[in-house]
Amino acid sequence: MVLTGSDVAKHNDEKSCWVIIHGKAYDVTEFLPEHPGGEEIILKYAGKDATEEFDPIHPRDTLDKYLDKSLHLGPVDMSTVAQETKREDPEEAERQKRIAEMPLLSECFNLHDFEAIARRTMKKAAWGYYSSAADDEITLRENHSAYHRIWFRPQILVDVTNIDLSTTMLGTKVDAPFYVTATALGKLGHPEGEVLLTRAAHNHNVIQMIPTLASCSFDELVDARQGDQVQWLQLYVNKDRDITKRIVQTAERRGCKGLFITVDAPQLGRREKDMRLKFTDSGSNVQKGHKTDNSQGAARAISSFIDPSLSWADIPWFRSITKMPIILKGVQRVEDVLRAVEAGVQGVVLSNHGGRQLDFARSGIEILAETMPVLRQHGLDKKIDVFVDGGVRRGTDIIKAMCLGAKGVGIGRPFLYAMSTYGQAGVERVMQLLKDEMEMNMRLIGCAKIADLHPGLLDTRGLFVHSNSTPVDSLSQITYDPLVVPGQRIK
Ligand SMILES: Cc1cc2c(cc1C)[n+](S(=O)(=O)[O-])c1c(=O)[nH]c(=O)nc-1n2C[C@H](O)[C@H](O)[C@H](O)COP(=O)(O)O
């Protein structure tokens with residue numbers, strides 16, 4: 001039987017809540033209290049078409065996987081569904097105008113260009129989620145500015161006719177020492193989501209790390225793999241270890257070549273730009289008698305499953321359920337790298353989650369500079385693969401990390417901004433720009449291949465000095481009101 005829009009519209013509150021997703025109706029009444037994002041966001045669409053809100057956050061197969069078939073109510077005649085009368089939104093009109101004026105892709109010459117264009121053209125919720133970081137976003141800025149405290153000591157008279165950027169990561173030969181790191185909710189930025197990153201990674205022979213919180217389903221991303229393309233899995237550990245075990249073993253069965261367990265997010269950070277952009281609309285039926293939790297951002301809403309009890313004691317269990325190399329993502333001091341070696345994992349990512357977790361965490365590159373000499377001193381630098389991410393925006397950033405001994409460099413936001421503005425072609429442009437910058441700068445520092453890079457090519461004496469150039473745009477700088485103006489009495 002085909003339902004009509006008015007059939008569905010009758011079920012529009014917490015006593016009976018039906019929604020339409022991709023032209024089919026679903027009874028989500030019983031699911032309301034279990035929804036990680038809270039009841040309010042579903043009730044806002046009770047009795048209506050919720051497809052537009054659903055898609056950026058949920059993989060396509062979510063309802064098939066998690067909602068009992070008896071609650072799948074069947075197709076809806078969409079011609080009978082009252083389309084929400086879209087009020088003319090002046091902000092949206094302005095955004096569309098800026099999109100129409102976007103530069104040509106060929107006019108984007110570096111990764112900062114994509115960020116600038118993304119900031120002007122992305123939907124606020126998407127820009128808020130991707131660009132935001134924790135608290136005053138000091139670490140977000142430190143991640144990139146730390147690279148500016150490292151200088152080159154180039155060597156001369158080396159034959160650099162041919163530059164070879166290739167290297168291997170966890171046994172996989174790649175064309176360049178960077179990878180697409182895990183970043184959640186790809187469909188916030190582009191309707192096709194992370195599958196565009198998969199295709200671009202294949203075309204440039206670099207590795208993609210599939211996020212637990214991808215908008216695309218895991219199967220969509222693995223099915224989009226071509227030839228012998230390699231993917232890794234990023235894992236947020238679920239409080240329900242059976243779910244985690246199923247995810248890990250499915251990933252291994254489907255050919256993932258690395259398990260990156262995120263260890264710096266027992267709870268997702270306080271990202272205020274993201275928080276400001278959720279549930280701010282008043283007047284919808286969500287407000288009726290409901291305490292709308294305004295503190296929710298997308299991050300908090302999608303991460304209630306993450307297990308804060310995860311500890312070193314869990315590592316043997318992970319080693320027992322998979323043969324994939326295990327890498328701890330989000331390690332932030334050398335003592336924990338040494339513990340990771342003892343625990344028998346194959347690698348670490350020195351990372352602070354792009355500044356999205358603990359503000360005033362040190363940059364990945366600084367932790368790398370602290371770690372590698374200690375590993376060499378203990379003769380352990382060949383025992384564990386050390387990756388780094390955070391704030392990488394130039395080919396020289398990647399070269400500096402490789403000089404210090406990294407096995408590879410993860411990049412997040414630049415690929416998201418490029419995908420959100422120019423789709424797959426944008427992502428591929430970023431990959432090519434990084435390769436071009438690396439080739440030029442390898443030539444100028446006198447190194448023909450990645451294996452030739454070494455710490456002696458760098459001057460890192462200033463790296464460990466933290467002088468916080470508090471950003472001009474931080475509220476703490478402009479809201480401070482001295483009240484008392486020297487020499488004047490308070491009125
Ligand atoms: C930008 C971004 C980063 C996220 C990310 C989402 C976005 C939009 N998400 S998050 O929603 O939970 O925070 C993840 C994630 O799913 N899992 C994870 O391990 N790291 C996550 N990260 C961190 C990411 O893997 C890198 O550590 C970080 O992006 C590197 O910094 P840059 O963005 O400066 O390259």
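Remember, it's 1-based here, ligands and their atoms both numbered in the order they're listed. The figures that follow rest on heavy atoms only: side chains count, while hydrogens, waters and symmetry mates do not.
The closest approach between a heavy atom of Leu416 and any atom of ligand 1 is below 4.0 Å. The closest approach between Asn143 and ligand 1 stays at or above 4.0 Å for every heavy atom of the residue. Ligand 1 is never approached by Gln357 to a heavy-atom distance shorter than 4.0 Å.
A side-chain donor-acceptor contact under 3.5 Å links Asp164 and Ser166. Side-chain contact check for Gln432 and Asp436: at least one donor-acceptor pair (N or O, by modelled atom type) lies under 3.5 Å. Using modelled atom types, one finds no donor on one side chain facing an acceptor on the other under 3.5 Å when comparing His353 with Asp389. With 3.5 Å as the limit, one finds a donor-acceptor pair spanning the side chains of Asn352 and Asn143. Between Thr172 and Lys257, the side chains place no donor N or O within less than 3.5 Å of an acceptor N or O (distance only, hydrogens not considered). Under the 3.5 Å distance criterion, with hydrogens and angles disregarded, no donor-acceptor pair is assigned to the side chains of Asp264 and Gln357.
Taking only non-hydrogen atoms, the option from Gly330, Ala182, Ser131, Gly354 nearest to atom 22 (N) of ligand 1 is Ala182. For atom 11 (O) of ligand 1, the nearest non-hydrogen atom from the set Phe178, Tyr236, Tyr129, Phe415 belongs to Tyr129. When the options Gly364, Gly269, Gly412, Gly390 are ranked by their closest heavy atom to atom 31 (O) of ligand 1, first place goes to Gly390.
Within the structure, no pair that satisfies the side-chain hydrogen bond (donor to acceptor under 3.5 Å, both in side chains) test touches residues 181-191, not counting sequence neighbours.
For ligand 1, the atoms sitting less than 4.0 Å from at least one non-hydrogen atom of Ser351 are 27 (O), numbered in the order shown with element in parentheses. Less than 4.0 angstrom separates some heavy atom of Thr262 from each of these atoms of ligand 1: 18 (C), 19 (O). In the vicinity of Lys329, heavy-atom distances shorter than 4.0 Å reach the ligand 1 atoms 18 (C), 19 (O), 20 (N), 23 (C), 24 (C), 25 (O), 27 (O). Less than 4.0 angstrom separates some heavy atom of Tyr130 from each of these atoms of ligand 1: 1 (C), 8 (C).
Residue Leu268 places no N or O, backbone or side chain, under 3.5 Å from any N or O of ligand 1.
Here the side chain of Thr167 pairs no donor or acceptor atom with the backbone of Pro177 at under 3.5 angstrom.
The side chain of Gln234, and not its backbone, has at least one atom closer than 4.0 Å to an atom of ligand 1 (non-hydrogen atoms only; side chain from C-beta on). Under 4.0 Å from ligand 1, not a single heavy atom of Phe260 appears. The side chain of Arg271, and not its backbone, has at least one atom closer than 4.0 Å to an atom of ligand 1 (non-hydrogen atoms only; side chain from C-beta on). Contacts between Thr183 and ligand 1 below 4.0 angstrom, taking non-hydrogen atoms only, involve backbone and side chain alike. At a 4.0 Å heavy-atom cut-off, ligand 1 touches Ala184 through backbone and side chain alike. Neither the backbone nor the side chain of Glu115 has any atom closer than 4.0 Å to an atom of ligand 1 (non-hydrogen atoms only). With a heavy-atom cut-off of 4.0 Å, Arg356 touches ligand 1 through its side chain alone. If you look at Leu185 next to ligand 1, there are no close heavy atoms at all, none under 4.0 Å.
Listed by chain and number, the residues in a ring pair (Phe, Tyr, Trp, His ring centres under 6.0 Å) with Phe218 amount to none (sequence neighbours excluded).
Below 30°, between 30° and 60°, or above 60°: for Phe54 and His58 the angle between ring planes is below 30°, a parallel geometry.
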